[in-house]
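Working notes for the structure below.
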Amino acid sequence: MVATSSTIAVAIGFAAWAYAASSQSQSAPQPGATAAQSLPPQAVFVDPRSFAVLGNNGPFRESSFTQLFNPTNTTPPFFQVFHADFLKILGPGATIRAVAANPTFAFAHEAPIWLPDTDEVTFASNDGGALGMSDIDHNNQVSKISLKEVEAAIAKAGRSHAPVNVSVTKLELPDTIQMTNGGTGPFFGNLILVNSGRGPLPPSVALVNPSPPHNATVLLDNFFGRQFNSLNDVKIRPGTNTLFFTDVTYGFLNHFRPLPLMPNQVYRLEPDTRRVRVVADGFDRCNGIAFSRDGKTAFVTDTGANAGFLGNNQTQPATIYAFDVDPKTEAFTNRRVFAYVDTGIADGVQLDAEDNLYAGCGDGVQVWNSEGTLLGKFFLGTTSANLVFAGDRRLVIMAETAIYFAEIAARANKLFFP
């Protein structure tokens, strides 16, 4: 979660959805493109050499939050290709479009979880930010869409890339679930939700039945008697049933949580024994978390550049860090920079089966290979806070007032357990 108080991002987001049906401007591949690989219809190639030197009077950006990098002036949504390897992720027939939208409500913020049994995706609305309709007196909302309905609507639309707008169903959750911001799973068939808490109501890690009556089991709501700040994101480490989650002060910075009591840290939780401990610290504001396919490398985003009511500060981190996971203690060691984001901050993160890393950023979803090279972007023209693979070749992207659906070639990294 980050604070999304700027109405600029929301306005751009609706405009991107509204004009998604318009013709896409497309530039021919510049020098450096792979001749053997053709661009998908919605893709634009931008050779890094074309903007390596802008000159004394060049079009430099002053803000990574309000000025997006779109040198071809292509209408979103589209695929912005910086490296030929991004075409392997996309495939020749890649498409992207909005599949649900509500310009007055940031219903699609974070916590996306794909449910294989029903082919549905659950997600949470913005908690405390712009158009979230939640604050210290009002809880946020967890909802779902049916991908069967999405695919039927796309089939009806034919070959057009025009947006569709499927129904969004609210989940009626118990009062123990307050301000959901992160989610993963399923875990033995249940949603794993991490909740930021609201006012004096504690942040928590909980298991929630995705089917009515959506009964919930809270696994953890304190650290040896102290409330967490506001839990943000969660993942299961591959090959284990151990949960790792981030805790950060955005609840306070969004005016719905009291003064923080602890540092911003990453925690490890054993669901069976409920033992909890810190595995990484030293962050400005730790946020998204993910693991490589083999579970040996952890990735944590630091979104310190976004400080809620304190404003944005481009000299603070907008950085993804990589860590080795100790094979015995599971502590995060050998911290190093994986990537620094050019637009906004990197919020939620996911990896595919080839360990390419996808992050929700200020202009959509950005993708790096395992070495930290930026390959390309799912350019939405607005902020995405998170995303999830819905099995192989389907990517569901949260964009606050809209949900985007990309059909691509990449295969999914397993998130559920067992």
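Every value quoted in this text rests on a predicted model; they were computed, and no experiment measured them.
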Short side-chain donor-acceptor distance under 3.5 Å, Arg268 and Thr329: no
With sequence neighbours excluded, residues passing side-chain hydrogen bond (donor to acceptor under 3.5 Å, both in side chains) with Asp355: none
Partners passing side-chain hydrogen bond (donor to acceptor under 3.5 Å, both in side chains) against Ser292 (at least two apart in sequence or in another chain): Asp294
By ring pair (Phe, Tyr, Trp, His ring centres under 6.0 Å) - contacts of Phe416 (at least two apart): none
Any donor-acceptor N or O pair under 3.5 Å, side chains Tyr321, Asp302: no
By salt bridge (Lys or Arg N to Asp or Glu O under 4.0 Å) - contacts of Asp363 (at least two apart): Lys377
Within the 6.0 Å centroid threshold, strictly below: Phe309 and Phe252: yes
Within the 6.0 Å centroid threshold, strictly below: Phe82 and Phe45: no
Ionic contact status for Asp324 with Arg336, cut-off 4.0 Å: yes
Closest contact, heavy atoms only, Val205 versus Leu231: CG2-CD1, 3.6 Å
Results of side-chain hydrogen bond (donor to acceptor under 3.5 Å, both in side chains) for Asn386 - residues two or more places apart only: Glu110
Residue list, salt bridge (Lys or Arg N to Asp or Glu O under 4.0 Å) with Arg277, at least two apart or on another chain: none
Counterpart residues, ring pair (Phe, Tyr, Trp, His ring centres under 6.0 Å), relative to Phe86 (two or more places apart): Phe378
Residues Gln350 and Asn413: side-chain donor-acceptor under 3.5 angstrom: no
Which residues share a salt bridge (Lys or Arg N to Asp or Glu O under 4.0 Å) with Asp392, sequence neighbours left out: none
Qualifying residues under ring pair (Phe, Tyr, Trp, His ring centres under 6.0 Å), relative to Phe188, sequence neighbours excluded: Phe417
Set of side-chain hydrogen bond (donor to acceptor under 3.5 Å, both in side chains) partners for Asp119, sequence neighbours left out: Trp114, Arg394
Listed partners of Tyr340 passing ring pair (Phe, Tyr, Trp, His ring centres under 6.0 Å), at least two apart: none
Any side-chain heavy-atom pair of Ser134 and Gln141 under 4.5 Å: no
Qualifying residues under salt bridge (Lys or Arg N to Asp or Glu O under 4.0 Å), relative to Glu354, sequence neighbours excluded: Arg411
Ring center gap for Phe338 and Phe299 short of 6.0 angstrom: yes
Salt bridge present between Asp127 and Arg198 (N-O < 4.0 angstrom): no
